Amino acid sequence: MPVLNLNRRNLLGRALALGAATTLTGCDFDDPSHPDVVDRVLNAMSHWNDEVQAALFNPHTLAPTFPASAITRPARFNAFYDIDKAPQVDLATWRLGLTGRIGNKQPWRIAQLRALPQESQITRLICVEGWRVVGQWSGVRLGDFLRRINADTKARYVSFQCADGYFESIDMESALHPQTILALDFLGAPLTAPFGAPLRLRIPTKLGYKNAKSIVALGVTNQFASGYWEKQGYNWFGGS
Ligand SMILES: Nc1nc2c(c(=O)[nH]1)N[C@H]1C(S)=C(S)[C@@H](COP(=O)(O)O)O[C@H]1N2
Ligand SMILES: [Mo]
């Protein structure tokens with residue numbers, strides 16, 4: 001696998017550079033007297049981890065799928081607030097806004113998204129808090145949608161803005177993965193507010209926090225846009 005070899009070489013260089021940085025400052029990773037250095041080293045390690053995960057990501061490997069009998073009931077909600085605080089989106093005025101490297105930036109209504117071919121999956125969502133659920137999500141393949149709106153699929157990232165202020169971004173290769181969908185339905189019915197109405201990202205190759213709910217805008221960009229939990233230290237690639 002020549003691609004991996006190339007990257008390995010690159011990664012070794014980075015690892016050596018990291019080692020040198022530690023030696024030069026004479027600083028342990030957890031030395032409290034140098035919090036900025038520790039932060040910088042940890043950030044560098046996390047970025048390195050992103051690159052390792054990106055290099056190992058195989059766009060043709062599918063996340064596991066399950067029979068309907070494996071669906072977790074009741075479903076499990078998670079967000080940075082309690083379930084009764086989930087944003088209530090008015091379908092009549094809701095639009096999916098489009099920004100960045102996209103040829104046709106006309107905003108989309110939910111009915112227009114429903115008119116596109118729909119893809120259904122029974123997959124597992126894994127939250128870093130230590131639980132996992134199997135659910136059924138249906139919607140539009142993100143890769144198909146990106147091509148339809150004439151997005152630059154050579155750009156590096158796809159970013160998401162949510163009705164509750166949450167935000168996320170993913171690498172283009174993962175965005176084009178066949179199981180990555182803009183979901184409209186959960187368990188055979190339109191998404192409810194807590195589970196991301198009217199539109200959420202469902203990406204079973206990544207951890208729960210990458211699955212942005214209640215999306216209001218999608219962007220295509222070469223500028224790294226991070227994410228809500230990533231800003232608080234979670235790993236950005238977030239592979240599962
Ligand atoms: N808009 C928004 N999306 C979000 C979150 C959030 O707080 N706001 N939480 C994330 C986290 S941490 C998880 S585990 C999943 C949970 O999805 P679920 O409620 O469908 O189980 O949503 C993700 N998407
Ligand atoms: Mo999560």
Side-chain angles (χ1 to χ4, degrees), residues 46 49-50 53 63-66 68 70-91 93-99 108 110 113 118-140 142 157-171 174-175 177 179-219 225-240:
S46 179
N49 184 339
D50 283 337
Q53 288 192 54
T65 58
F66 300 82
I71 292 174
T72 309
R73 294 181 197 274
R76 187 159 175 170
F77 160 86
N78 196 33
F80 64 90
Y81 41 76
D82 292 336
I83 192 163
D84 54 315
K85 299 288 189 303
Q88 299 289 331
V89 173
D90 179 5
L91 275 188
T93 55
W94 180 90
R95 299 285 184 278
L96 175 64
L98 300 176
T99 63
W108 284 65
I110 212 70
L113 290 165
Q118 307 285 299
E119 184 76 22
S120 187
Q121 60 174 256
I122 300 177
T123 50
R124 189 169 54 196
L125 182 145
I126 302 171
C127 177
V128 288
E129 287 178 355
W131 51 267
R132 44 188 66 197
V133 291
V134 172
Q136 180 181 29
W137 291 269
S138 320
V140 180
L142 180 57
Y157 310 111
V158 180
S159 67
F160 302 92
Q161 300 290 331
C162 306
D164 56 6
Y166 197 81
F167 60 102
E168 257 305 340
S169 62
I170 58 173
D171 55 294
S174 298
H177 186 280
Q179 286 173 311
T180 302
I181 65 174
L182 289 172
L184 296 143
D185 289 346
F186 180 47
L187 305 176
L191 287 163
T192 56
F195 293 100
L199 187 72
R200 80 171 300 174
L201 181 66
R202 179 61 195 128
I203 179 164
T205 53
K206 289 191 189 288
L207 292 166
Y209 61 88
K210 303 298 294 184
N211 292 246
K213 299 194 276 190
S214 306
I215 298 170
V216 293
L218 177 161
S226 196
Y228 182 91
W229 287 114
E230 290 85 334
K231 291 237 179 206
Q232 294 169 60
Y234 283 44
N235 167 251
W236 175 75
F237 195 86
S240 69

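Quick note: numbers below take in every heavy atom, side chains included, and nothing from hydrogens, waters or symmetry partners. Remember, it's 1-based here, ligands and their atoms both numbered in the order they're listed. For reference, positions follow the sequence shown, starting with 1. Keep in mind the model is a prediction, meaning the values are calculated, not measured.
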Closest protein heavy atom (residue, atom, distance) for atom 21 (O) of ligand 1: Arg76 O, 2.5 Å
Identify the closest protein heavy atom to atom 17 (O) of ligand 1: which residue and atom is it, and at what distance? Arg200 NH2, 3.3 Å
Ligand-side contact atoms (ligand 1) for residue partner Asn211, heavy atom cut-off under 4.0 Å: 22 (O), 23 (C), 24 (N)
Would Ser214 count as a polar contact of ligand 1, with the cut-off being nitrogen or oxygen pairs under 3.5 Å? no
Relative to the heavy atoms of Cys162, which atoms of ligand 1 are at a distance of less than 4.0 Å? 1 (N)
Establish, for the pair Lys213 and Tyr166, whether the NZ or CZ atom is under 6.0 angstrom from the six-membered ring centre and no further than 45 degrees off its axis. no
Name the closest protein heavy atom to atom 11 (C) of ligand 1, giving the residue it belongs to and the distance to 0.1 Å. Tyr209 CA, 3.7 Å
Sub-4.5 Å side-chain heavy-atom contact between Leu201 and Lys210: no
Closest approach of any protein heavy atom to atom 4 (C) of ligand 1, naming residue and atom: Tyr166 CE2, 3.6 Å
Are any of the N/O atoms in Trp131 less than 3.5 Å from those in ligand 1? no
Let me confirm one number: the SG-CG distance from Cys127 to Asn78, rounded to the nearest 0.5 Å. 4.5 Å
With ring-ring contact (aromatic ring centres under 6.0 Å, His included) as the criterion, how do Phe167 and Phe160 come out once you've worked through the C-alpha distance, each side chain's angles and the decisive distance to 0.1 Å? CA-CA 5 Å; Phe167 60 102; Phe160 302 92; over 10 Å; no
What's the verdict on ring-ring contact (aromatic ring centres under 6.0 Å, His included) for Tyr234 and Tyr209, showing C-alpha distance, side-chain angles and the deciding distance? CA-CA 9 Å; Tyr234 283 44; Tyr209 61 88; 4.9 Å; yes
Could you tell me the residue and atom name of the protein heavy atom closest to atom 8 (N) of ligand 1, and the distance to it rounded to 0.1 Å? Asp164 OD2, 2.8 Å
What residue and heavy atom of the protein are closest to atom 15 (C) of ligand 1, and at what distance? Gly208 O, 3.6 Å
Can you confirm if the aromatic rings of Trp137 and Phe186 lie within a centre distance of less than 6.0 Å? yes
How does Phe80 reach ligand 1, by side chain, by backbone, by both or by neither, if only non-hydrogen atoms under 4.0 Å count? both
Can you confirm, on distance only, whether ligand 1 has an N/O atom lying under 3.5 Å from any N/O atom belonging to Trp229? no
Pair Lys206 + Glu168, salt bridge at N-O below 4.0 Å: no
Below 3.5 angstrom, do we get any N/O pair linking Asn78 and ligand 1? yes
If I compare all heavy atoms of Leu184 with all of Val140, which pair ends up nearest, and what's the gap? CD1-CG2, 4.3 Å
Pick from Glu168, Arg132, Lys213: the one approaching atom 19 (O) of ligand 1 most closely through a non-hydrogen atom: Lys213
Any idea which of Ala75, Pro194, Cys127 brings a heavy atom closest to atom 14 (S) of ligand 1? Cys127
Region of Ala79 engaging ligand 1 - heavy atom pairs below 4.0 Å: both
Using every non-hydrogen atom in the two residues, find where Ala175 and Val158 come nearest and quote the distance to one decimal. CB-CG2, 3.7 Å
Is the shortest distance from a heavy atom of Glu129 to ligand 1 less than 4.0 Å? no
For the residue pair Tyr157 and Trp236, is the inter-centroid distance of their aromatic rings smaller than 6.0 Å? yes
